[in-house]
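Before any comments, here is the structure.
Keep in mind it's a predicted model, so treat the numbers as computed, not measured. Chain letters run A, B, ... following the sequence lines, proteins first, then strands; residues in each count from 1.
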Amino acid sequence: MGPPQHPLVASMLLLCSQKKEAIPGEPNVYVKKPPNAFMIFLKEQRRLVAPELKASGSKATTAYLGTMWKSLPSSEKEKYYKESEKQRLLHKEQNPDWSPKDNYGKKIRRTRKRKRGES
DNA sequence: TAGCCTTTGAAGTCT
DNA sequence: AGACTTCAAAGGCTA
């Protein structure tokens with residue numbers, strides 16, 4: 001749909017990736033993971049949902065949009081998959097040496113999520 | 001005030 | 001190889 005590789009998009013993506021604070025003891029620029037299809041859908045739709053839904057908070061909005069996502073026809077989902085793929089490729093072009101493992105385990109959490117029943 | 005919580009998906013680590 | 005974990009977004013809530 002939109003212009004595939006607009007220079008402004010590239011600048012914005014780079015700028016956004018630099019907004020996140022640097023990790024202490026790490027190089028100054030924190031390069032974020034590129035968003036997946038649902039994350040793009042989530043960001044686009046969050047501002048479009050009704051204000052009364054926004055008033056419910058991000059958690060409720062996210063859960064609601066998760067339901068919306070599952071209801072989306074694959075023809076509509078496809079554009080988000082294409083967009084995420086595009087952004088992944090652009091991200092790789094702009095950060096050739098970056099890998100998702102650069103960020104892996106960097107967040108300090110109080111409790112780690114466990115999908116299988118925690119012992 | 002940093003992290004949780006909520007969602008899907010990509011990609012990492014572990015068994 | 002398959003199971004499990006982390007992080008992308010956002011913002012009210014929590015410790």
Side-chain angles (χ1 to χ4, degrees):
Chain A
M1 39 173 284
Q5 296 180 356
H6 198 286
L8 184 56
V9 174
S11 302
M12 286 176 65
L13 288 174
L14 184 58
L15 183 63
C16 287
S17 70
Q18 290 174 338
K19 277 186 177 177
K20 181 159 186 175
E21 62 179 328
I23 299 169
E26 292 289 315
N28 203 18
V29 175
Y30 183 99
V31 179
K32 289 190 260 185
K33 273 189 176 183
N36 63 38
F38 176 69
M39 284 298 146
I40 294 170
F41 170 79
L42 195 58
K43 185 167 186 171
E44 293 286 314
Q45 294 297 314
R46 208 189 295 274
R47 68 181 182 87
L48 299 179
V49 299
E52 57 267 25
L53 180 55
K54 288 181 185 173
S56 304
S58 278
K59 279 188 289 190
T61 308
T62 303
Y64 170 74
L65 289 174
T67 307
M68 291 264 305
W69 176 255
K70 289 174 181 169
S71 304
L72 263 193
S74 32
S75 59
E76 296 228 8
K77 279 196 209 172
E78 194 174 342
K79 79 172 187 181
Y80 291 99
Y81 284 107
K82 297 275 187 188
E83 179 63 24
S84 69
E85 184 182 1
K86 195 192 308 177
Q87 291 198 20
R88 271 197 303 279
L89 292 173
L90 181 59
H91 186 274
K92 188 166 182 61
E93 287 177 22
Q94 294 180 339
N95 309 278
D97 298 328
W98 183 88
S99 160
K101 75 179 181 60
D102 294 349
N103 300 355
Y104 199 96
K106 292 295 195 299
K107 285 190 173 179
I108 301 164
R109 299 186 173 188
R110 280 178 277 183
T111 59
R112 300 213 168 181
K113 287 189 175 184
R114 298 199 179 251
K115 275 184 180 172
R116 209 170 14 175
E118 61 277 350
S119 57

Please determine if a side-chain N or O atom of A:Y64 lies less than 4.0 Å away from the OP1 or OP2 oxygen of C:dA10.
no
Would you indicate what A:K70 reaches in the nucleic acid, counting non-hydrogen atoms under 4.0 angstrom: base, sugar-phosphate, or nothing?
sugar-phosphate
Work out which heavy atom in A:F41 is nearest to a heavy atom in A:L65; give both atom names and the distance.
CE2-O, 3.4 Å
Out of C:dC7, B:dT7, C:dA9, whichever nucleotide has its closest atom nearest the side chain of A:A63
B:dT7
Counting only side-chain N and O atoms of A:K43, is one of them less than 4.0 Å from OP1 or OP2 of C:dA10?
yes
If only side-chain N and O atoms of A:K32 are considered, is one of them under 4.0 Å from the OP1 or OP2 phosphate oxygen of C:dA9?
yes
Hey, which sits more toward the 5' end of DNA chain B by its nearest nucleotide, A:S58 or A:Y81?
A:S58
Determine whether a donor-acceptor pair (one donor, one acceptor, N or O, separation below 3.5 Å) exists between the side chain of A:K33 and the base of C:dT6.
yes
Shortest non-hydrogen contact from A:I40 toward A:Q87:
CD1-NE2, 4.1 Å
So does A:Y104 reach the base of C:dT5 with its side chain, donor to acceptor, closer than 3.5 Å?
yes
Short side-chain N/O contact to C:dG12 OP1/OP2 from A:S56, under 4.0 Å
no
Nearest-neighbour nucleotide for the A:Y30 side chain, B:dA11, B:dT8, C:dC7 considered
C:dC7
Do the side-chain N or O atoms of A:K106 get closer than 4.0 angstrom to the phosphate oxygens (OP1, OP2) of C:dC7?
no
Aromatic centroids of A:W69 and A:Y81 separated by under 6.0 Å:
yes
Check every atom of B:dA11, C:dA8, C:dA9 against the side chain of A:L42 and return the nucleotide holding the closest atom.
C:dA9
Roughly how far apart are A:T61 OG1 and A:M68 CE, rounded to 0.5 Å?
11.5 Å
Along DNA chain C (nearest heavy atom to each residue), the more 5'-positioned of A:K59 and A:N36
A:N36
Under 4.0 Å, heavy atoms only, any strand: does A:S99 hit a base, just the sugar-phosphate, or nothing?
sugar-phosphate
